[in-house]
Amino acid sequence: GIQRRVWVVQRTVRAGDVIRIDDASLERRPKGVVPRGALDGASSPIGEATGVALTPGEVVLTERLAGRGAHGLAALVAPGHRALAVRNDESMPAVGVGDRVDVIATFDVANDVESAGATPVAPSFPVALNAEVLRVSPRTITLAVTVKEAPRVAFALARAAVTLSLRGGTSEQPQYR
């Protein structure tokens with residue numbers, strides 16, 4: 001049958017890493033089994049960062065690359081998103097890379113309320129929903145939030161107590177009031 005030359009992963013490449021010359025090579029594959037978006041001999045993935053991990057034997061797909069110039073953590077940030085780090089301590093849930101969380105801010109408004117003569121409250125509300133955990137270290141948890149959510153998260157980090165709420169495996173929307 002008709003064969004097509006495509007780039008195939010030779011060694012495991014972690015998400016965010018740049019593909020080196022030994023990581024992928026051109027191989028002939030039957031045209032009928034080559035997935036849509038496969039890189040062929042007309043283009044090369046060498047020097048491009050991956051947006052996801054690649055495994056040996058996998059055909060290199062355009063959609064799995066982060067694009068030239070991106071590498072490391074920046075390669076993992078999807079278009080329309082920004083990466084922000086929150087402090088990781090014993091108050092945070094045990095999260096892993098790829099988990100989804102909601103970012104909840106609790107503002108201390110006791111001084112404002114007391115000066116108005118009302119009962120003190122500490123309102124909590126989400127400042128980002130369904131944020132992806134990109135990296136976890138002992139001190140920080142790096143999240144991908146939407147461009148619209150990034151300023152709200154930054155403000156909450158500067159002015160509030162920030163908590164992460166780990167989401168389950170379903171895609172339901174949380175019911176915050």
Side-chain angles (χ1 to χ4, degrees), residues 1-89 92-103 128-154 157 162 164-173:
I2 299 175
Q3 301 247 319
R4 189 169 159 205
R5 289 183 56 179
V6 294
W7 286 93
V8 177
V9 178
Q10 301 301 312
R11 299 188 315 195
T12 300
V13 181
R14 296 179 315 191
D17 282 356
V18 173
I19 298 174
R20 297 181 317 230
I21 192 76
D22 295 337
D23 295 333
S25 64
L26 278 171
E27 293 184 8
R28 292 191 182 280
R29 295 279 170 100
K31 186 176 180 180
V33 300
V34 173
R36 179 176 290 155
L39 287 182
D40 58 21
S43 56
S44 171
I46 307 304
E48 294 204 38
T50 62
V52 297
L54 303 178
T55 58
E58 177 180 347
V59 173
V60 179
L61 304 176
T62 304
E63 66 191 30
R64 297 174 65 80
L65 300 176
R68 293 216 182 267
H71 63 279
L73 195 57
L76 305 180
V77 180
H81 288 75
R82 300 293 181 263
L84 291 169
V86 299
R87 180 167 287 140
N88 190 7
D89 60 28
M92 293 296 180
V95 296
V97 172
D99 283 347
R100 295 288 180 157
V101 297
D102 295 337
V103 182
L129 299 175
N130 203 27
E132 181 181 2
V133 176
L134 298 178
R135 183 167 288 159
V136 179
S137 76
R139 291 191 171 166
T140 61
I141 300 170
T142 304
L143 305 172
V145 300
T146 66
V147 170
K148 185 177 180 180
E149 292 168 332
R152 292 193 305 248
V153 173
L157 289 168
V162 174
L164 300 182
S165 174
L166 182 62
R167 296 176 65 105
T170 62
S171 61
E172 93 288 348
Q173 289 299 319

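Everything numeric here is computed off the predicted structure, so don't read it as measured data.
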TODO: Please assess Leu39 against Leu65 for the test side chain to side chain contact (heavy atoms under 4.5 Å, CB included), listing each intermediate value before the final yes or no.
DONE: CA-CA 10 Å; Leu39 287 182; Leu65 300 176; 3.6 Å; yes
TODO: Using the side chain to side chain donor-acceptor pair (under 3.5 Å) rule, take Gln3 and Glu27 through it: C-alpha gap first, then chi angles, then the decisive distance, then the call.
DONE: CA-CA 10 Å; Gln3 301 247 319; Glu27 293 184 8; over 6 Å; no
Task: Test side chain to side chain contact (heavy atoms under 4.5 Å, CB included) applied to Val133 and Val101, step by step - done: CA-CA 7 Å; Val133 176; Val101 297; 4.1 Å; yes
Task: Steps toward side chain to side chain contact (heavy atoms under 4.5 Å, CB included) verdict (Val60, Thr50) - done: CA-CA 10 Å; Val60 179; Thr50 62; over 6 Å; no
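Asn130 CG to Thr146 OG1: the interatomic distance, rounded to the nearest 0.5 Å, is 10.5 Å. Taking CG from Leu164 and CG from Leu143, the interatomic distance works out to 5.5 Å, rounded to the nearest 0.5 Å. If you take OG1 on Thr140 and CG on Leu84, they are separated by 11.5 Å, rounding to the nearest 0.5 Å. Taken to the nearest 0.5 Å, the CG atom of Asn88 stands 3.5 Å off from the CD1 atom of Ile141. Rounded to the nearest 0.5 Å, atoms OG (Ser44) and CD1 (Ile19) are 8.0 Å apart.
Using a 4.5 Å cut-off on side-chain heavy atoms (C-beta onward), Val59 and Arg29 make contact. At least one side-chain heavy atom of Thr12 sits under 4.5 Å from a side-chain heavy atom of Pro56.
Of all heavy-atom pairs between Leu76 and Gly51, the closest is CD2-O, 3.5 Å. Among all heavy-atom pairs drawn from Pro35 and Leu61, the shortest one is CG-CD2, 3.7 Å. The minimum heavy-atom distance between Val153 and Ala128, with the atom names listed, is CG2-CB, 3.7 Å. In plain terms, the two heavy atoms of Ala83 and Thr142 that are nearest each other are CB-CG2, 4.0 Å. Of all the heavy atoms in Val95 and Val136, the pair that sits closest is O-CG2, 3.7 Å. Shortest non-hydrogen contact noted between Ala85 and Leu157 is O-CD1, 3.6 Å.
Residue pairs satisfying the side-chain hydrogen bond (donor to acceptor under 3.5 Å, both in side chains) criterion with at least one member in residues 30-41, sequence neighbours excluded, are absent. Legend: salt bridge (Lys or Arg N to Asp or Glu O under 4.0 Å) pairs involving residues 14-26, not counting sequence neighbours, sorted by first then second residue: Arg11-Asp23, Arg14-Asp17, Arg20-Asp23. Within the structure, side-chain hydrogen bond (donor to acceptor under 3.5 Å, both in side chains) contacts touching residues 55-67 (residues at least two apart or in different chains) are Thr55-Glu58, Glu58-Arg64. Residue pairs that meet the salt bridge (Lys or Arg N to Asp or Glu O under 4.0 Å) test with at least one member in residues 70-82, sequence neighbours left out, do not exist here. For residues 128-138, every residue pair satisfying the salt bridge (Lys or Arg N to Asp or Glu O under 4.0 Å) rule, not counting sequence neighbours, is listed here: Arg100-Glu132. Applying the salt bridge (Lys or Arg N to Asp or Glu O under 4.0 Å) test to every pair with at least one member in residues 142-151, sequence neighbours left out, gives no pairs at all.
Between the Trp7 side chain and the Ser43 main chain, a donor and an acceptor come within less than 3.5 Å of each other.
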